[in-house]
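Just follow the structure's listing: the first ligand is 1, and inside any ligand the first atom is 1.
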Amino acid sequence: MKQKDKKRSKKYDGRLKNISLPDLEVLDDEKHNTGFKSSRSAHKRDIIHKSGSKLMKGRVIEVMSNYQCRIKLEDKEVYASIGGRLKQFKNEASGILAVGDYVQVDTSLKPDYRVENILPRINSMIRYSSGSFQKEIALAANIDQIVITTSWRMPIFKPGLVDRYLIMAAKFNIRPILVLNKIDLCEDFDELEDEIAYYKESGMSVILTSVVDGRGIAELKAELKGRDTVFSGHSGAGKSSLINALEPGLELLTAEVSDYNEKGKHTTTQAVMLPFSFGGYLIDTPGIKTLVLHQEDKPIVPKLFPGFDRFYPHCRFRDCTHIHEEGCAVLAAMEAGGLDPLRYESYRWIMDNI
Ligand SMILES: Nc1nc2c(ncn2[C@@H]2O[C@H](COP(=O)(O)OP(=O)(O)OP(=O)(O)O)[C@@H](O)[C@H]2O)c(=O)[nH]1
Ligand SMILES: [Zn+2]
């Protein structure tokens with residue numbers, strides 16, 4: 001990072017701690033108001049405002065290192081670099097641009113394309129990087145849904161883990177689909193139905209699958225068709241097997257995939273959107289494995305715990321933790337037999353261990 005850029009980003013440190021997406025217009029206005037307006041930024045403003053036709057809307061379908069990305073621009077795909085105006089906010093490309101982002105691309109310098117603006121995100125998956133100060137890194141943006149892969153056995157179905165994934169999905173405002181795989185290993189379907197009843201009653205989409213005998217694969221495919229989906233889940237539950245059954249030959253990112261871009265520079269793929277032949281994308285980002293609930297998430301868990309949206313609006317206190325408060329609708333539901341004590345136990349475990 002250039003010395004000049006360093007100084008500039010330092011000035012905005014306070015803002016950057018709490019946001020994932022820099023509000024570029026506001027920053028521009030601030031610069032304008034304080035008389036700060038480099039010729040470079042003035043030039044860019046001109047492009048945006050005077051020659052708007054040169055900025056095209058595209059979608060980021062691959063994020064690489066070295067400030068490179070691949071963009072779907074109308075019906076073609078182009079490689080693009082990330083404009084300096086965006087670069088100044090973070091020192092990692094993935095820190096500012098996420099796969100799935102809708103962006104404005106400067107096409108006036110063809111064949112060099114440059115990302116100039118990130119358009120507002122509908123949602124995004126954020127992780128915090130460890131470092132001297134907390135930095136937010138967006139792993140993916142504008143996601144339609146997240147598949148939470150679990151298995152009936154091997155490894156055994158763990159509702160507590162499902163709850164944590166569901167809280168995460170709710171936190172990021174992404175529709176969850178609960179997939180219970182390996183049902184070929186199930187001998188007692190009443191027991192299985194009992195285990196998933198709570199999630200179904202809470203209005204969630206639950207799909208039972210087996211890669212071994214093919215049950216549920218068509219149903220899952222229908223849910224994915226035409227939508228952009230992230231796959232998450234318990235290791236060993238069968239994510240890769242399911243994806244392979246849905247779309248044989250799809251190459252997932254395992255660790256870091258090395259590649260050489262046109263300029264011959266060494267780059268690595270950090271996240272990619274892989275098209276399904278039946279429509280829609282699989283958003284593949286290895287970073288998802290690093291997502292965990294944080295201590296800072298604790299205040300939102302009472303509202304985001306799966307199924308609690310039926311109860312908490314009736315709690316006497318708006319910030320009710322459902323642990324000791326009088327007039328708590330969650331505790332009342334449990335006493336009245338309207339809430340499975342095992343789900344409440346899971347809630348308490350998460351609250352105590354987050
Ligand atoms: N019986 C049975 N085994 C399955 C099924 N799906 C996957 N498996 C097996 O479960 C094991 C783990 O499957 P993977 O697809 O590698 O699981 P994963 O979730 O991608 O695992 P990670 O890479 O650790 O995240 C493999 O041995 C699969 O053959 C299924 O529906 N039934
Ligand atoms: Zn309560």
Among I243, V230, D228, L224, find the one that has a side-chain contact (heavy atoms from CB on, under 4.5 Å) with L282.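 The passing option is I243.
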What I want to check is whether the side chains of T209 and N181 have a donor and an acceptor closer together than 3.5 Å.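 Yes, a side-chain donor-acceptor pair sits under 3.5 Å.
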If only side-chain N and O atoms count, and only distance matters, is there a donor-acceptor pair under 3.5 Å linking Y102 with N117?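 No - no donor-acceptor pair under 3.5 Å links their side chains.
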Counting only heavy atoms not in K57 (residues, nucleotides, ligands), do more than 12 fall under 6.0 Å from its NZ?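 No, because the 6.0 Å sphere around NZ of K57 holds 12 heavy atoms or fewer from other groups.
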Counting only protein N/O/S, how many atoms fall short of 2.8 Å from the Zn ion (ligand 2)?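 Atoms of protein N, O or S type lying less than 2.8 Å from the Zn ion (ligand 2) total 4.
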Check this for me: does any side-chain nitrogen of one of K54 and E116 sit under 4.0 Å from a carboxylate oxygen of the other?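 Result for this pair is no, no salt bridge flagged.
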Taking C-beta and beyond as the side chain, do E191 and F157 meet within less than 4.5 Å on heavy atoms?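 No. Closest side-chain heavy atoms not under 4.5 Å.
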Would you say that K239 contacts L252 through its side chain, given a criterion of any heavy-atom pair below 4.5 Å between the two side chains?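 Sidechains of L252 and K239: no contact.
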Share the residues that join M154 in a hydrophobic cluster, the rule being Ile, Leu, Val, Met, Phe, Trp or Tyr side chains under 4.5 Å apart at the heavy-atom level.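 ILVMFWY cluster around M154 also holds L185.
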Can you list every protein residue that has a heavy atom under 4.0 Å from any atom of ligand 1, sorted by chain and residue number?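 Contacts of ligand 1 under 4.0 Å: N181, K182, D184, L185, S210, V211, V212, H234, S235, G236, A237, G238, K239, S240, S241.
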Anything under 3.5 Å between a donor and an acceptor, one on a side chain of residues 300-320, the other on a protein residue two or more places apart or in another chain? List them.
| residue | atom | partner | partner atom | Å |
| --- | --- | --- | --- | --- |
| K303 | NZ | R318 | O | 2.7 |
| R310 | NE | G307 | O | 3.2 |
| R310 | NH2 | S202 | OG | 3.3 |

